[in-house]
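Here is the structure we will look at.
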Amino acid sequence: MLTKSTSLKTSFSGVDFKKYESKTSDFVKEFAKRANKEGKFLNWVNLPSEQLKRLDDIYSLVSSLKSQTGNDRLSVLGIGGSKHTVEHMLGINGLNICGEKILFYSDVDSISWERFLSKLGGDVLSSNYLVASKSGSTFETKDGFLRIQNLIKNAYLEKGLSEVEAEKATAKHFIAVTDKNSEKSELRRTSNENGWLGDLYIHDDVGGRFSAFDDHALFTLAYAGMTKDDMSEMLRSAQEISELSLSDDLELNDALKEGIFWADSKLSGISASVHQYMGSMFENTVYWHAQMQNESVKDTLKQIAKVPDAMHHSAEAHFNPANKLVFALTVPCDNGECSQNAKAYIEALSKSYEITGAFFMESVETSKLGLTPQAAGAVTQLRAFATCYQEIVTALMQNKELPEVLDSVLQPHVEFYKKNLKGGVVVPGRIG
């Protein structure tokens with residue numbers, strides 16, 4: 001018997017869910033008939049349960065990579081879902097708060113490059129490197145990887161190692177997360193040819209923004225110090241959300257209710273919306289959610305921000321009667337030193353939003369430095385499901401036929417700018 005998660009609670013106002021109850025089963029059927037089917041890009045639905053089987057291997061690889069070089073620091077080279085999902089997961093789990101364990105590089109300009117090297121103290125040998133790219137030929141990621149690889153090799157040559165010894169020593173700093181098929185991935189071929197450690201991969205039919213439980217995120221969380229027990233609890237909670245999100249009982253299915261909420265606003269002619277997250281743990285969640293919004297909903301009219309620092313400058317627009325918006329707020333269950341003021345702030349926001357427009361609030365269970373593992377798993381998987389349900393609800397309520405592969409899991413338009421990147425030159429080598 002399914003029961004709602006206790007780590008995350010939602011409340012809604014301003015939406016008549018009775019209008020949608022007769023179609024609840026249809027919404028769920030449209031999702032369920034595609035879930036975990038090849039080529040539908042919904043393989044993330046059961047990914048948490050599959051990843052539970054891999055935890056021993058992932059933690060073993062973390063230990064091996066650290067022991068190869070003696071480095072406790074990891075630099076993640078990747079963009080989009082290979083970066084934002086990891087930053088989000090670190091933040092909400094209260095890890096790497098001071099940036100002491102994990103660094104990121106995803107840029108292509110000279111200032112960002114110098115700033116990254118500065119964070120390494122000018123010593124590229126002081127870090128190990130996780131290179132994340134499904135194809136292995138992502139322009140931005142390959143640019144950074146080739147530069148780092150060249151610097152590491154030169155550093156070992158300067159120490160007196162021979163060419164062969166320097167190449168072998170350099171290889172010990174790297175681990176790849178990419179397609180498991182070397183015919184599809186240039187990075188997998190690089191890993192195999194250079195004898196890099198391990199076998200981490202990006203699962204088929206899991207788009208970057210939906211990959212918060214894929215190998216690149218779990219490996220980095222483990223590297224940053226998340227215990228195996230906590231990771232297990234996080235994955236189990238995420239899988240519970242998957243089961244609840246495929247229930248046709250609307251009282252259990254918060255993901256569908258959130259999807260209905262956002263779809264209802266569109267169907268009611270409200271094009272602009274707001275989702276705010278309260279607290280520093282959500283600093284990077286905002287970037288991940290923005291990626292989800294832009295790539296899945298393909299709509300730039302939603303404002304996604306962290307409060308309280310984004311509240312005062314957005315209030316003028318949010319509470320201007322001339323602007324019609326709907327609102328969502330994700331808040332921590334605060335039981336710490338600041339709880340009295342935090343609760344007063346949350347109450348003020350929720351009352352204001354309820355008066356101004358349709359509104360829902362998520363309250364998530366916390367630990368000292370972030371969310372509990374259960375809440376981290378729940379809120380992350382919930383966001384993915386709700387995003388897809390928004391498309392399904394909008395289409396079915398307008399009697400429109402849905403595509404065989406949901407539009408919300410594809411991103412064909414990114415190829416527009418990629419075509420103009422061909423021939424870009426990096427040092428050393430070229431990006432094809």
Side-chain angles (χ1 to χ4, degrees), residues 69 71-91 95-158 170 173-177 186-187 190 208-209 216-217 220 223-224 280 282-291 294-295 300 304-306 309-310 313 414 416-432:
T69 61
N71 290 331
D72 282 331
R73 174 182 280 165
L74 180 72
S75 295
V76 178
L77 310 180
I79 64 166
S82 297
K83 178 175 186 278
H84 295 320
T85 57
V86 182
E87 292 175 315
H88 156 71
M89 295 301 278
L90 288 169
L95 298 167
N96 199 50
I97 293 171
C98 300
E100 70 279 13
K101 291 279 189 180
I102 311 297
L103 297 176
F104 293 87
Y105 183 70
S106 61
D107 297 286
V108 294
D109 66 288
S110 302
I111 300 300
S112 296
W113 174 247
E114 293 300 330
R115 287 165 69 100
F116 173 65
L117 295 180
S118 179
K119 289 179 181 179
L120 292 173
D123 181 10
V124 292
L125 301 183
S126 67
S127 179
N128 295 326
Y129 301 87
L130 181 145
V131 189
S133 168
K134 178 71 171 176
S135 67
S137 57
T138 306
F139 180 95
E140 301 88 342
T141 304
K142 188 174 179 181
D143 179 89
F145 156 59
L146 290 176
R147 293 180 193 281
I148 285 290
Q149 184 184 51
N150 190 48
L151 287 180
I152 293 174
K153 180 181 175 181
N154 286 339
Y156 278 120
L157 290 173
E158 290 175 4
T170 298
H173 286 264
F174 290 97
I175 190 165
V177 185
E186 178 184 340
L187 181 58
T190 297
R209 57 202 180 278
H216 59 290
T220 307
Y223 206 103
S280 62
F282 295 116
E283 195 86 53
N284 290 308
T285 298
V286 168
Y287 291 104
W288 168 63
H289 189 173
Q291 180 191 3
N294 290 340
E295 293 185 0
T300 57
I304 304 168
K306 182 185 79 69
D309 51 326
H313 63 246
V414 74
F416 180 80
Y417 92 93
K418 283 186 176 180
K419 291 176 182 177
N420 296 318
L421 281 173
K422 289 183 178 180
V425 178
V426 297
V427 181
R430 286 179 65 86
I431 295 177

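Atom set for the values below is all heavy atoms of this structure, side chains included, hydrogens, waters and symmetry mates excluded. Just so we're clear, the structure is a prediction, and the values are computed from it rather than from any experiment.
Using modelled atom types, one side-chain atom of T69 and one backbone atom of N71 make a donor-acceptor pair closer than 3.5 Å. Side-chain N or O atoms of H88 include none that pairs as donor or acceptor with a backbone N or O of Y287 at under 3.5 Å. With H173 contributing its side chain and S127 its backbone, the two residues share a donor-acceptor pair below 3.5 Å.
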In a table with atom names and distances, give each donor-acceptor pair under 3.5 Å that connects a side chain of residues 95-105 to protein atoms at least two apart or in another chain.
unit_1	atom_1	unit_2	atom_2	d
N96	OD1	E100	N	3.4
N96	OD1	K101	N	2.9
N96	OD1	I102	N	2.8
N96	ND2	I102	O	3.0
E100	OE1	C98	N	3.1
Y105	OH	D107	O	3.0

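The CZ atom of F145 sits 11.0 Å away from the OG atom of S133 when rounded to the nearest 0.5 Å. Here the OG1-CH2 distance, from T85 to W288, works out to 8.5 Å after rounding to the nearest 0.5 Å. Considering CZ of R147 and CG of L77, their distance stands at 12.5 Å, rounded to 0.5 Å. Taking NZ of K142 as the start and OG of S137 as the end, the distance is 7.0 Å to the nearest 0.5 Å. Put simply, CG on D143 and CH2 on W113 are 8.0 Å apart, with the number rounded to the nearest 0.5 Å.
Counting only heavy atoms from C-beta outward, the side chains of S126 and R73 approach each other to under 4.5 Å.
Of all non-hydrogen atoms in S82 and V76, the two that sit nearest each other are O-CG1, 3.9 Å. When all heavy atoms of V86 and H216 are compared, the closest pair comes out as CG2-CD2, 3.5 Å. Across all non-hydrogen atoms, the minimal contact from R209 to E295 is NH1-OE1, 3.1 Å.
For K134, the salt bridge (charged side-chain N to carboxylate O under 4.0 Å, His left out) test picks out D179, D204, with sequence neighbours left out.
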